[in-house]
Number of protein chains: 2
Amino acid sequence: MTISEQPATLRERKKLRTRQALIDTAVTLFGERGFDSTPLDALLEQVEVSRRTFFRNFRSKEDVALTAVKQLWDVYLDVFDGIEKSGPLADVFLSAMLTTLERMDEGWYRRFPLTLRLIADSPALDGHTLRHCAEVQAEIARQLDEQNRLELRLLIEFFVAAWRCALDEWLPDCTPGELPAILRRVCSTMNSALSLEA
Amino acid sequence: MTISEQPATLRERKKLRTRQALIDTAVTLFGERGFDSTPLDALLEQVEVSRRTFFRNFRSKEDVALTAVKQLWDVYLDVFDGIEKSGPLADVFLSAMLTTLERMDEGWYRRFPLTLRLIADSPALDGHTLRHCAEVQAEIARQLDEQNRLELRLLIEFFVAAWRCALDEWLPDCTPGELPAILRRVCSTMNSALSLEA
DNA sequence: TTCCAAAATGCCACAGTGTGGCGTTTGCTC
DNA sequence: GAGCAAACGCCACACTGTGGCATTTTGGAA
C-alpha cells in the first residue's frame, strides 16, 4: 500500500477525504475533457470546494493531476532508503523499483495509467513530470553521496531514462503485471544501447 | 554562426531587431531580478513593445528566456541531419554536438551561460527546458527510424543526459573553450557508469 | 509621387491560474 | 457547554495568455 494510516481525529479524516476526492475527480475529469481545456473551476465545482481550500492541499493544477506519479517516487525513495546497497548500483536501482511496484495498491494501478495518458496529451504536465523526476534524481544522489560524482549522476540519469522508456512500452496496454518484466527487459538493454551502430 | 541571414526588406529587419532586443533584454533583466519575480510587463516596458506584439514573437514568457537553448538544438538538428551516420551511434551524437558548438557565435556564448543560470534558479524554466529536450529527442528518433527502436530510444536518452551532466560541470566557469573537452570526458564515462558498484 | 493592400502594432477586454486578507464555521478539548 | 485552533469560504488582486478591432507603417505598383 502507498499510505494506509488511519488518522484518529475526525477533522483529519475529513480533510483526507476531500483531498482524495480532488485527486480521483481530477484524474477522471481531466481524462474526459482534457487537462488544458478543463478549467480548475470545473473540478472545484464538482468536488464542491472553494479555490482557497484547493490551493491549501495542492500547489497547482498540475500538482493534483500528477499525484500518482509523486506517490510512486515517494515510495521509491522510501524503499531505496532502506534497501541494502551492494553489488552493481544499476541492479540496486532496478530492484528498488520492483519492490516499489509491489507496494502500490489497486487504486494506484487504476489512477496511474490515466495519469500517464494525461501526461502524454499535455506538454505542461510532461514538463512538470520531468522536473519532478529531476528532483527525485537529486534526492537519490544526495542519499548516495560518494566520490564518483559524475558516474553516479550519469547512472541515475540512465536509470530514470530507462524507467520512462519502460512506461512508454507499457502505456498502450497498462497491464499491471507486465510492468516489472518490461522494466527488466529495458534495463537489460542498456548496455547494448551504448554500443549501438548506425 | 547560428543564423546570419540578412532579410532584404526593411520591415523584416525591424521585426528582427525588436525580437533580438526582447531576447537580449530578457536574459539580462531576468538575470538581475529573477525570472519568477520579474513581471513580463517589466520587460515590455523596457523594450517598449505591447503585450500583443510580444506574444506574436514568442509563445510564452519562458519561451523568450530559453531562446539560447532552442537555438542550440535547432542548429544541432540541422547538423545531425547532414552528418554521415557510420560507426557507433554514440560517437555520431557526440561529434554532431561538437560541430554544433563550433557553429555558435560569440553572442550565443554570452547569452547561453546566463540562460543556464536562469534555468538553475527557476523550476518553471527547468521544466520547460526538459520538455523541449524531449521534443528534440523525438525529432532525432524520427530521423533515424530503424528497427532497434528501444535501444535507439535509450541511447538518445543517454546522450542528452550526458549533455546535461556536461552542462552542470561547465556551469561554474562557463569558459567556452572547455565545453567540448568536458562533453568528451562525460561521454567517455558513460560505459563505466553503467557498471558502477555500490 | 501617389495610392492601395498587406503586415505589423497598439489598445482593450476577457478567461484562467495562483495568492493574501479576513470573517465564519467546524471540530477538538477541557 | 465554552473556549480555542484549524479548516473553510468569500473577496479582491496580480500575472499570464488570447482574441477582436482600429491604427500605423511599409512594400509595391500605377
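Proteins come first, then strands; the chains are lettered A, B, ... in the order of their sequence lines, and each starts at number 1.
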Review item, side-chain donor-acceptor pairs of residues 191-198 of chain B, under 3.5 Å, at least two apart:
residue	atom	partner	partner atom	Å
B:Ser192	OG	A:Glu151	OE2	2.7
B:Ser192	OG	B:Thr189	O	3.1
B:Ser195	OG	B:Ser192	O	3.4

(message) Check B:Glu106 with B:Arg110, please: is the shortest side-chain N to carboxylate O separation under 4.0 Å?
(response) no
Name every donor-acceptor pair, under 3.5 Å, that has one atom in a side chain of residues 165-174 of chain B and the other anywhere in the protein, sequence neighbours excluded.
residue	atom	partner	partner atom	Å
B:Asp168	OD2	A:Arg153	NH1	2.4
B:Asp168	OD2	A:Arg153	NH2	3.2
B:Glu169	OE1	B:Arg185	NH2	3.0
B:Trp170	NE1	B:Thr175	O	2.7

(message) Strictly below 4.0 Å: does A:Lys14 bring a side-chain N or O up to OP1 or OP2 of C:dG27?
(response) yes
(request) Specify the separation, in whole Å, of atom CZ of B:Arg17 and atom C1' of C:dT9. (result) 15 Å
(request) Examine distances only and state if a side-chain atom of A:Tyr109 and a backbone atom of A:Leu101 form a donor-acceptor pair shorter than 3.5 Å. (result) yes
(message) What is the separation between atom CD on B:Glu45 and atom P on C:dC11, rounded to the nearest whole Å?
(response) 13 Å
(message) Is the distance between the ring centroids of B:Phe80 and B:Phe93 under 6.0 Å?
(response) yes
(message) According to side-chain contact (heavy atoms from CB on, under 4.5 Å), who are the partners of B:Asn57, at least two apart in sequence or on a separate chain?
(response) B:Lys15, B:Arg19
(message) Using whole Å, what does the distance between atom C1' of nucleotide C:dT17 and atom CG of A:Asn57 come to?
(response) 17 Å
(request) Just jot down the side-chain hydrogen bond (donor to acceptor under 3.5 Å, both in side chains) partners of A:Lys70, sequence neighbours excluded, or say none. (result) A:Asp63
(message) Counting only heavy atoms and a strict 4.0 angstrom limit, can you tell me which residues of residues 46-56 of chain A come near DNA chain D?
(response) A:Glu48, A:Val49, A:Ser50, A:Arg52, A:Thr53, A:Arg56
(request) Can you establish whether the number of heavy atoms outside A:Arg117 located under 6.0 Å from its atom CZ is more than 12? (result) yes
(request) Taking only heavy atoms on the protein side, list every residue of residues 22-43 of chain B lying under 4.0 Å from any atom of DNA chain D, sorted numerically. (result) B:Thr38, B:Pro39, B:Leu40
(request) Would you mind reading off the distance between A:Glu12 atom CD and D:dA7 atom P, rounded to a whole angstrom? (result) 8 Å
